[in-house]
Amino acid sequence: MSAATPVLSMRGIGKSFTGVRALDDVSLDCHAGEVHAICGENGAGKSTLMKVLGGVYRPDEGEILLGGQPVAFRHPVEARRAGISIIHQELSLLPERSVADNIFLGLEPTRSGLLDRAVMQNGARRLLERVGARVHPGALVKSLSIAEQQLVEIAKALALDASIIVMDEPTAALDDRDAGRLLELVGTLRREGAAVLYISHRMAELKAIADRITVLKDGKLVATHTAAALTPAMIVRLMVGRDLADFFPTPGDPAKLGPIVLSVQDGGNAVLADIALDLRAGEIVGIAGLEGSGKGALGRALFGDEPFTRGRMMIDGHEGLISSPRTAIAAGIGFLSDDRKREGIAPQQSLRDNVLMTLRAFAQRLLPPGSGAMARTAADRQLTEVDVRAAGFAQEIRELSGGNQQKVVIGRWLARDPKLLIFLEPTRGIDVAAKAAIYQLMRSLADRGRAILMISSDLPEIIGVSDRVIVMHEGRLAGELKRGASEEQVMHLALGTGATEAAA
Amino acid sequence: MSASADIAVARPAREIPVAPLLFAGSLALYIVTALATGQHAYLTGEGFVGLTQRMVALGIVALGQTLTILVGSIDLSVANLISVAAVLASFIMKGEPAMIAPAVLAVLALSAAVGLVNGLIIARLDVNPLIATLGVGLILQGLLSASFSNFAGSVPSAFQAFAYGRIGPLPWSVLLLFVLAFAIWLMLTRTRFGAHLYATGGNRDGARLAGIRTERVIIGAHVLCSLMAGLTGLYLASRLRAGAPWVGRDGVYDLESIAVVVIGGTLLAGGRGGVWGTLAGVFLFATLDAVFNMTGIDAFPKQVLRGAIVILAVAVYAVRSRGHVA
């Protein structure tokens, strides 16, 4: 780190939304060739701070200095012109346009007034190579996997040739292999002299690439330290303001395992093959695998979203075929989608409406008198059971944090007293404290006789929460590991290398 | 990272070519009906010219409507603007050849202004485009009805050449339609504005974050759309030899222009589609008109069939896009 003028310096930034203080006197700077990590729980103000920097919001107080010169952005285009490139947390790609169109969006090269397609294609190919994405520049974005889309998003940010690069949880949708490649790229950018602001929840990443770490909490800056001076435990303590002694719940008692609630033999469909699986009441089974390994497809097959087309299923001792989500729910299966915004919640409806959604789907056509009040009590009971924190249960669910939204969706299933709950990426985009709460909730559900299938790309979570781990590779089950397996063992199976010894 | 360089990247699969299929299907329907009813006059060069001439009025508005729909907006004021343009043109011309140029300029200026107002209301005031353009359309019709109740003025014969004149066998108006279509296609696929139009329609917030001034793109699309409606009004004045305050309404240009855009494969939500699909949709409607003329069936089944085609087209697109679960 040099003592020269920082490339970027934010001084005393304050921002309020209709009376809510989102940012309060936040100051930080970033030098050329430095990776400055910013962490904090959801709602701590990280994304707001980045939007201020990117010209999306104008700060109420404070100033931004670029190379010592004060600037004031009124539109994102001005921030981009000043050399600030932001990879936003929500994917902002156009699904119906080509990869090259997306990468050069807003920066389209022209020749005598017309778009220069050749320059776009070649430039896109170069940038895609740089981020390690194996996609064709002419491919439509909608044909890509989420991980590939994330890499395209990063290529898009690099197209600007920016001196300041902001990454807002860029690895959230990536598996470990792609995430590793991304971290290498961040290292390259740093060597080339870029100033990188890096927002992340993943401790391992912060240790690997950050030079300095700033922790935000409730819109205020808690501390800025050099990365070397902080341990993960210290970072967590700064973020939540207390120790998280019981981050992962206590494991289940093998002696208390109940009967098999779901069993699959020779299950298969377009992306899955030879699936054989027994799930018992009282256990949490983790499913790990790389992006594209079919782990998500397995969850969707069991829930009937994209059902098995081959094989046999036994549910609670009865032979049955699950052909749609409705038959799955009727058979006692609940499902938590990995795409909460699109598939999990009805954003503009109340907590109660959201938690009652499944109950109502199976209600009588004509509700008996007084059922409105009954439904309301039922809703409130479920919401209390999952410990949702909200101003009130009539509040619109979109105003809640991701963790609380997730609890509402879990609560939805409890009304049906499900035997099996399938959780896809249950803590994606959820802050540390809420993660711990979700884990505890999962364990208590299992302890009360439910089977839980947790499909996740987050290895520490797979290892810390599951009673046993099944690893998938190319649409098949590659092997099973007992509790206490290491990340290396899981990765071996996931990559399809050394399967025999790891399975022991 | 360097490892990926030598890994072969599969070329993307091509999408189904909507426009040629629609066009070929319509043409086949036309030929088969002409043969079946024994009306061979429809199969001469003159017959086909007549068929393309049926496309002109709806075609020009629909080109404009394509732009507003692509940008994620819509324009319900086109029919009323067409009436205003037709009446204004013939009212200013009053049969005087010298007044052609001022009348055309006045109509285009007024149209651009209407588009600007539409665009400003939608992009700056954030009013839903259905409501905004419906309101502007009602205002236009109200002003028009307050001032005119019948044919107003007339157009000089020199201006009638716009609708009736030809170079060689090809009518000017048909040529104009295809030149406009080509120009807009060029704009959509080869210019920055075109790329930004798709981007804004595909994801307005995403486009804004990419540094695109989305308000300008939306306003631009509306100005172009209204200009197209103004041109259609001029064409109708030329064809009818005078403007009447009901020409736009009678042609149902607002709803039909939306229908052909959607039939042509442009996503109603915006961000996907193009000019040739729209023209193919217009061609389909022109073919249906001709086919019903040949068979002598009255107009009501035609409306029913058009409605069914619109629904069917949207259903087909919806089912097809369901296959793309990423």
Side-chain angles (χ1 to χ4, degrees), chain A residues 51 54-56 75-81 85-86 88 90-99 101-102 104-110 113-117 120 125 128-146 148-149 156 160 181-182 184-185 188 305-306, chain B residues 1-15 70-72 183 185-217 265-274 317 320-326:
Chain A
K51 284 183 173 164
V56 180
H75 188 280
V77 72
E78 296 179 7
R80 282 169 69 90
R81 285 197 186 133
S85 186
I86 300 193
H88 290 278
E90 308 88 27
L91 290 174
S92 59
L93 298 177
L94 301 161
E96 302 284 354
R97 303 284 283 165
S98 77
V99 170
D101 285 339
N102 271 284
F104 285 100
L105 188 63
L107 304 164
E108 295 85 353
T110 54
L114 298 185
L115 292 184
D116 196 332
R117 292 268 171 207
M120 284 173 71
R125 190 168 293 126
L128 289 168
E129 245 165 53
R130 191 145 185 238
V131 300
R134 279 172 256 161
V135 298
H136 193 281
L140 291 188
V141 162
K142 68 178 174 185
S143 70
L144 308 181
S145 73
I146 295 288
E148 288 168 335
Q149 292 186 17
K156 178 176 156 187
L160 185 60
R181 213 186 274 142
L182 177 67
E184 274 176 45
L185 177 68
T188 311
D305 185 25
E306 280 150 46
Chain B
M1 253 159 285
S2 54
S4 63
D6 49 64
I7 291 164
V9 173
R11 267 205 162 271
R14 287 230 143 235
E15 300 248 320
L70 275 180
V71 86
W185 172 77
L186 206 65
M187 182 193 82
L188 285 176
T189 55
R190 294 282 182 273
T191 70
R192 199 178 287 202
F193 179 73
H196 293 182
L197 211 120
Y198 282 103
T200 305
N203 180 348
R204 191 170 164 184
D205 292 335
R208 196 175 116 82
L209 293 182
I212 294 170
R213 298 184 190 274
T214 49
E215 298 89 357
R216 293 186 190 176
V217 181
T266 296
L267 218 58
L268 199 52
R272 176 199 165 132
Y317 294 131
R320 233 185 48 197
S321 69
R322 211 181 290 159
H324 295 293
V325 182

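Just so you know, these numbers use all the heavy atoms, side chains as well, and skip hydrogens, waters and symmetry mates. By convention in this document, chain letters (A, B, ...) are assigned in the order of the sequence lines, proteins followed by strands, and residues within each chain are numbered from 1.
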* Region of A:L114 that comes under 4.5 Å of a non-hydrogen atom in chain B ->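 For A:L114, heavy atoms of backbone and side chain both lie under 4.5 Å from chain B.
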[X] side, atom [atom1]; [Y] side, atom [atom2] - distance, nearest 0.5 Å:
| X | Y | atom1 | atom2 | answer |
| --- | --- | --- | --- | --- |
| A:L115 | B:M187 | CG | CE | 11.5 Å |
| A:E96 | B:L70 | CD | CG | 11.0 Å |
| A:D101 | B:Y198 | CG | OH | 9.5 Å |

* **Exam field: side chain B:R208 to backbone A:P76, donor-acceptor pair closer than 3.5 Å** =>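 No, B:R208 side chain to A:P76 backbone: no donor-acceptor pair under 3.5 Å.
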* **Close side-chain approach of B:I212 to A:L105, heavy-atom, < 4.5 Å** => yes
* To do: Locate the shortest heavy-atom distance separating B:R192 from A:T110; write the atom from each residue and the value.
  => NH2-OG1, 3.5 Å
* Structure fact -> Residues A:H75 and B:R213: closest non-hydrogen pair is NE2-CA, 4.0 Å
* Interface residue of largest heavy-atom contact number with chain A, from B:L267, B:T191, B:D205, under 4.5 Å ->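 Of B:L267, B:T191, B:D205, B:T191 has the most heavy-atom pairs under 4.5 Å with chain A.
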